[in-house]
Asker: 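Below is a structure I'd like to ask you about.
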Amino acid sequence: TPAADCPVGAFAIAGPIEGRSSRVTNLTWNVDADRLEQTLGLRRVGLLNDLEAVAWGIPALAEDDLAELYPGECEPGNACVVAAGTGLGEAGLYWDGSGHRPFPTEGGHADFAPTDEREFALLQHLQPRYGRVSWERVVSGMGIANIHGFMVRWRRSVTPDWLAQEFARGDRSAAIASAAAAGRCAVCIETMELFFRLYGREAGNLALKQMALGGVYLGGGIAPKNLAALRASQFLDGFFAKGRMEPLMRRMPVRVILREDTALLGAARFMAA
């Protein structure tokens with residue numbers, strides 16, 4: 001039952017919002033704002049994309065809520081959010097001259113674009129399983145597992161028994177990241193190296209398309225949970241690798257969002273607005 005002093009609610013959905021409803025991309029849920037109002041007894045319900053909610057939350061963050069990956073030049077301008085976690089979410093923040101206006105995208109579902117022999121082999125490895133391969137298939141929790149499966153085949157390696165047991169017990173991607181961080185598995189190390197470089201490439205793609213001179217923010221669970229590995233990785237090499245546009249990319253600050261409830265703050269700001 002909603003509290004008397006909180007008659008409204010906002011729901012951040014991992015999928016595109018169409019009017020007052022949304023179908024969750026990676027689940028079979030249909031979310032309808034009108035039905036939620038009736039069922040929950042709320043005066044008003046708003047729906048927004050989950051990464052749009054993160055974008056709304058960014059102005060509410062303090063300096064301690066962010067970890068700087070690259071300082072850039074901190075210019076006024078558009079910004080963007082890229083979040084690798086369960087999936088790959090992306091959102092933009094349009095600069096209107098006095099503040100940012102968040103908007104959603106479904107950029108994580110754009111086509112994965114390989115650039116060298118190994119990445120082309122990764123694409124070919126994933127095509128029989130998925131048909132069309134999006135960036136989300138390689139830059140996400142499932143992406144870590146997908147890259148690892150490819151690396152085992154690419155290196156003609158065998159997954160050690162202790163790692164197979166870790167896979168059976170829980171989160172496959174977390175086990176791979178942990179094994180890489182501990183230096184226990186060469187294939188896991190190579191997996192995470194490629195993952196972070198691809199993450200940087202796609203973050204740079206979004207930043208370039210949106211001219212994100214106001215900043216690039218990394219959300220989701222993977223970046224903050226693997227911050228030391230991210231800092232030591234080739235993420236920024238992938239981010240900057242935009243040919244003639246590299247000088248432009250080097251003007252963009254890159255920060256990691258550390259606060260887990262940023263989307264909650266953003267949903268509240270969205271409804272207040």
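This is a predicted model, so every value here is computed, not measured.
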Asker: Quick one: CG on L208 to CE on M245, what's the gap to the nearest 0.5 Å?
Answerer: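 Atom-to-atom, L208:CG and M245:CE are 7.0 Å apart.
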Asker: Quick one: do L126 and V138 satisfy side chain to side chain contact (heavy atoms under 4.5 Å, CB included)? Show the steps, please.
Answerer: CA-CA 9 Å; L126 295 176; V138 295; 3.7 Å; yes
Asker: Are side-chain heavy atoms of M151 and S157 found at a separation under 4.5 Å?
Answerer: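 Heavy-atom side-chain distance check fails, nothing below 4.5 Å.
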Asker: Supply the atom-to-atom distance C185 SG to E166 CD, rounded to the nearest 0.5 angstrom.
Answerer: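 Between C185 SG and E166 CD, I get 11.5 Å after rounding to 0.5 Å.
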Asker: At their closest point, which heavy atom of G9 faces which heavy atom of M271, and how far apart are they?
Answerer: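 Looking at all heavy atoms of both residues, the shortest contact is O-CE, 3.5 Å.
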Asker: Restricting to non-hydrogen atoms, name the atom on H100 and the atom on N78 that form the minimum distance, rounded to 0.1 Å.
Answerer: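 For H100 and N78, the tightest heavy-atom pair comes out as NE2-C, 4.2 Å.
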Asker: With heavy-atom distances below 4.5 Å as the criterion, would you say the side chains of P71 and P253 are in contact?
Answerer: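 No; the side chains remain at least 4.5 Å from each other.
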Asker: Should the heavy atoms of other residues, nucleotides or ligands under 6.0 Å from CG of D161 be counted, would the total exceed 12?
Answerer: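 No - once you tally the heavy atoms of other residues, nucleotides and ligands closer than 6.0 Å, there are 12 at most.
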Asker: Would the distance check show the side chain of E52 and the main-chain N or O of L48 forming a donor-acceptor pair, the cut-off being under 3.5 Å?
Answerer: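 Not a single qualifying donor-acceptor pair exists.
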Asker: In this structure, is the centre-to-centre distance between the rings of F239 and Y199 below 6.0 Å?
Answerer: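 Ring-ring flag for Y199/F239: false, centres at least 6.0 Å apart.
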Asker: Do Y130 and F195 share a hydrophobic cluster (ILVMFWY, side-chain heavy atoms under 4.5 Å, transitive)?
Answerer: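 The answer is yes; both residues are in one hydrophobic cluster.
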Asker: Checking T105 side chain against E90 main chain: does a donor-acceptor pair fall under 3.5 Å?
Answerer: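 Yes: the side chain of T105 pairs with the backbone of E90.
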Asker: A side-chain contact here means heavy atoms from C-beta on lying under 4.5 Å apart; do R132 and Q127 qualify?
Answerer: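 Sidechains of Q127 and R132: no contact.
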Asker: With a 4.5 Å cut-off on side-chain heavy atoms, are L42 and L36 touching?
Answerer: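 A side-chain contact is absent here, since even the closest heavy-atom pair is not under 4.5 Å.
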Asker: Walk me through whether R231 and E68 qualify under salt bridge (charged side-chain N to carboxylate O under 4.0 Å, His left out).
Answerer: CA-CA 10 Å; R231 291 188 187 281; E68 185 176 84; over 6 Å; no
Asker: Taking side chain as C-beta onward, heavy atoms only, is F112 less than 4.5 Å from S134?
Answerer: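 No. Closest side-chain heavy atoms not under 4.5 Å.
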Asker: Honestly curious: do V139 and I257 fall in one hydrophobic cluster under the side-chain, below-4.5 Å linking rule?
Answerer: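 Cluster IDs for V139 and I257 differ.
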Asker: Taking the side chain as C-beta and beyond, is there a heavy-atom pair between E190 and R118 under 4.5 Å?
Answerer: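 Of all side-chain heavy-atom pairs linking R118 with E190, at least one is under 4.5 Å.
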Asker: For the SG atom of C80 and the CG atom of L93, what is their distance to the nearest 0.5 Å?
Answerer: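 Between C80 SG and L93 CG, I get 8.0 Å after rounding to 0.5 Å.
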Asker: Could you state the interatomic distance from CG (N30) to CZ (R23), rounded to the nearest 0.5 Å?
Answerer: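 Rounded to the nearest 0.5 Å, the CG-CZ separation comes to 5.0 Å.
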Asker: So do the side chains of L198 and I147 get within less than 4.5 Å of each other, counting heavy atoms only?
Answerer: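 L198 reaches I147 side chain to side chain.
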Asker: Could you point out which residue of L264, I58, L61 forms a side-chain contact (heavy atoms from CB on, under 4.5 Å) with R259?
Answerer: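 When L264, I58, L61 are each tested with R259, the side-chain contact (heavy atoms from CB on, under 4.5 Å) holds only for L61.
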Asker: Flag the pair R44 and E37 as a salt bridge only when some basic side-chain nitrogen lies within less than 4.0 angstrom of an acidic carboxylate oxygen.
Answerer: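 Looking at R44 and E37, the cut-off is not met.
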Asker: When rounded to the nearest 0.5 angstrom, what distance separates CZ in F150 from CZ in R155?
Answerer: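 Between atom CZ of F150 and atom CZ of R155 there are 8.5 Å.
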Asker: If every non-hydrogen atom of Y70 is compared with every non-hydrogen atom of R250, which pair is closest and at what distance?
Answerer: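 Between these two residues, the closest heavy atoms are OH-O, 2.7 Å.
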Asker: Tell me whether the NZ or CZ atom of R101 lies within the 45° cone about the ring axis of Y94 and under 6.0 Å from its centre.
Answerer: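 The answer is no, since R101 fails at least one limit relative to Y94.
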Asker: For residues V81 and L206, report the shortest heavy-atom separation together with the two atoms involved.
Answerer: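 Nearest heavy atoms, V81 then L206: O-CD2, 3.6 Å.
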Asker: Go through the steps for S140 and E136 under the test side-chain hydrogen bond (donor to acceptor under 3.5 Å, both in side chains), then give the verdict.
Answerer: CA-CA 6 Å; S140 63; E136 182 172 86; over 6 Å; no
Asker: Let me check something: do L51 and F11 share a hydrophobic cluster, defined by ILVMFWY side-chain heavy atoms less than 4.5 Å apart, either directly or through other members?
Answerer: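 As far as the 4.5 Å side-chain criterion goes, F11 and L51 are not connected within one cluster.
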Asker: Quick one: does L163's side chain get under 4.5 Å of H148's, heavy atoms only?
Answerer: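 Yes, their side chains come closer than 4.5 Å.
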Asker: Return yes when atom CD of E73 has more than 12 non-hydrogen atoms of other residues, nucleotides or ligands closer than 6.0 Å, and no otherwise.
Answerer: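 Yes, the 6.0 Å shell around CD holds more than 12 heavy atoms from other groups.
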Asker: Would you name the heavy atoms of V82 and A203 that are closest together and state the gap between them?
Answerer: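 Shortest heavy-atom contact: CG2-CA, 4.0 Å.
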Asker: With clusters defined by side-chain heavy atoms of hydrophobic residues (ILVMFWY) lying less than 4.5 Å apart, directly or transitively, does V133 cluster with M142?
Answerer: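 Yes, one cluster joins them.
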Asker: Is the Lys NZ or Arg CZ of R201 less than 6.0 Å from the centre of W135's six-membered ring, within 45° of the axis?
Answerer: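 No cation-pi geometry.
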Asker: In a table with atom names and distances, give each donor-acceptor pair under 3.5 Å that connects a side chain of residues 217-228 to protein atoms at least two apart or in another chain.
Answerer:
residue, atom, partner, partner atom, Å
Y217, OH, R255, NH1, 3.4
N226, ND2, I222, O, 2.9

Asker: Strictly under 6.0 Å, is that where the ring centroids of F120 and H125 end up?
Answerer: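 No, they do not, as the ring centres are separated by 6.0 Å or more.
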Asker: Between D32 and R20, does any side-chain N to carboxylate O distance fall below 4.0 Å?
Answerer: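 No, no charged N to carboxylate O under 4.0 Å.
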Asker: Quick check: is W95 connected to L248 through a chain of hydrophobic side chains (ILVMFWY, heavy atoms under 4.5 Å apart)?
Answerer: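 No: no chain of side-chain contacts under 4.5 Å links L248 to W95.
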Asker: With a 3.5 Å distance limit and no angle check, can you tell me whether S178 reaches the backbone of A174 through a side-chain donor-acceptor pair?
Answerer: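 Flag not set: sc S178 to bb A174 has no pair under 3.5 Å.
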Asker: Check the surroundings of atom CG in D64: do more than 12 heavy atoms from other residues, nucleotides or ligands lie under 6.0 Å from it?
Answerer: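 No, CG of D64 has 12 or fewer neighbouring heavy atoms, counting only those of other groups under 6.0 Å.
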Asker: Answer yes or no: are there more than 12 heavy-atom neighbours, outside W162 itself, under 6.0 Å from its atom CH2?
Answerer: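 Yes, enclosed.
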Asker: Which pair of heavy atoms, one from M249 and one from A207, lies closest together, and at what distance?
Answerer: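 Looking at all heavy atoms of both residues, the shortest contact is CE-CB, 4.1 Å.
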Asker: Can you tell me how far the OG atom of S22 sits from the CG atom of N49, to the nearest 0.5 Å?
Answerer: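 Here the rounded value is 8.0 Å.
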